[in-house]
Amino acid sequence: QVQLVESGGGLVQPGGSLRLSCAASGLTFSNYAMGWFRQAPGKEREFVATISKGFGITYYADSVKGRFTISRDNAKNTEYLKMNGRKPEDTAVYYCAGRRAGIFTTASEGIEYWGKGTLVTVTS
């Protein structure tokens with residue numbers, strides 16, 4: 001059974017750094033492009049970042065470009081999202097996602113696996 005389990009969320013202050021993790025099991029992790037989406041209260045789920053299976057090709061939403069960094073460790077079956085310069089508008093549930101066919105920027109691109117999400121609340 002495939003599982004994607006996010007961790008690292010919580011209540012945080014604006015600015016500073018926070019790192020989210022997504023641990024994968026039940027799949028050959030290196031065969032999947034991975035990524036993150038988020039959903040703020042009352043809003044639709046939106047793309048945050050994606051990383052390719054190999055070569056570390058990454059792509060970011062404009063709203064997080066320059067502040068967030070996505071990475072992966074195939075030996076640990078884990079992907080990460082480093083969040084710098086947190087803003088109140090970053091408050092959302094963050095979801096891990098995996099797609100065998102390659103990197104993605106929308107939730108409708110045939111993503112096979114989703115995590116259950118981890119809540120990040122940015123408030124002073």
Side-chain angles (χ1 to χ4, degrees):
Q1 180 181 0
V2 175
Q3 283 191 311
L4 301 180
V5 180
E6 302 94 337
S7 62
L11 184 66
V12 296
Q13 293 184 337
S17 298
L18 179 70
R19 189 178 77 166
L20 304 182
S21 300
C22 172
S25 61
L27 77 168
T28 303
F29 184 72
S30 59
N31 286 347
Y32 286 78
M34 299 298 296
W36 294 88
F37 287 79
R38 67 185 181 184
Q39 187 165 16
K43 296 187 177 181
E44 294 186 352
R45 190 172 298 191
E46 65 173 1
F47 166 75
V48 175
T50 186
I51 186 168
S52 62
K53 306 173 191 181
F55 303 109
I57 297 170
T58 59
Y59 189 76
Y60 298 90
D62 288 343
S63 59
V64 306
K65 197 175 297 181
R67 298 189 300 121
F68 291 10
T69 302
I70 189 171
S71 62
R72 65 190 296 162
D73 185 337
N74 287 344
K76 295 183 178 180
N77 290 350
T78 302
E79 70 157 340
Y80 305 95
L81 184 69
K82 181 79 174 296
M83 305 168 61
N84 292 329
R86 296 186 305 271
K87 303 176 180 180
E89 51 264 42
D90 293 326
T91 294
V93 176
Y94 284 74
Y95 297 91
C96 173
R99 180 174 183 259
R100 187 177 178 90
I103 60 175
F104 45 86
T105 58
T106 67
S108 61
E109 290 182 69
I111 293 170
E112 287 97 335
Y113 301 112
W114 293 91
K116 293 183 178 180
T118 185
L119 176 63
V120 174
T121 303
V122 183
T123 179
S124 55

Rounded to the nearest 0.5 Å, how far does [atom2] of [Y] lie from [atom1] of [X]?
X: Phe47; Y: Ile111; atom1: CZ; atom2: CD1; result: 9.0 Å
X: Asn77; Y: Ser30; atom1: CG; atom2: OG; result: 8.0 Å
X: Lys82; Y: Leu20; atom1: NZ; atom2: CG; result: 11.5 Å
X: Glu112; Y: Tyr32; atom1: CD; atom2: OH; result: 5.5 Å
X: Phe104; Y: Thr50; atom1: CZ; atom2: OG1; result: 4.0 Å
X: Tyr113; Y: Leu27; atom1: OH; atom2: CG; result: 6.5 Å

Minimum heavy-atom separation for [X] to [Y], with atom names?
X: Cys22; Y: Leu4; result: SG-CB, 3.9 Å
X: Cys96; Y: Met34; result: SG-CE, 3.7 Å
X: Tyr60; Y: Thr69; result: OH-CA, 3.3 Å
X: Ser21; Y: Thr78; result: CB-CG2, 4.3 Å
X: Leu119; Y: Ala92; result: CD1-O, 3.6 Å

Distance under 6.0 Å and angle within 45° of the ring axis: does Arg45 meet both against Phe37? no
Quick check against the 3.5 Å criterion: does [X] have a side-chain atom that pairs as donor or acceptor with the backbone of [Y]?
X: Arg67; Y: Met83; result: no
X: Glu6; Y: Gly117; result: yes
X: Lys53; Y: Ala101; result: no
X: Thr91; Y: Val122; result: yes
X: Arg99; Y: Glu109; result: yes

Counting only heavy atoms not in Glu89, do more than 12 fall under 6.0 Å of its CD? yes
Should the heavy atoms of other residues, nucleotides or ligands under 6.0 Å from NZ of Lys65 be counted, would the total exceed 12? yes
Are Tyr80 and Val12 in one and the same hydrophobic cluster, where Ile, Leu, Val, Met, Phe, Trp and Tyr link if side-chain heavy atoms are under 4.5 Å apart? no
Are Ile103 and Leu81 connected into the same hydrophobic cluster when the rule is that any two of I, L, V, M, F, W, Y join if their side-chain heavy atoms are below 4.5 Å apart? no
Could you tell me whether the side chains of Thr121 and Thr123 share a donor-acceptor contact shorter than 3.5 Å? no
Please work out which of the three classes, parallel, tilted or perpendicular, describes the rings of Tyr95 and Trp114, given edges at 30° and 60°. perpendicular
Using 30° and 60° as the class limits, which term best fits the ring planes of Phe68 and Tyr94: parallel, tilted or perpendicular? tilted
Run the salt-bridge test on Arg38 and Glu46 with the 4.0 Å N-O cut-off and return the result as yes or no. yes
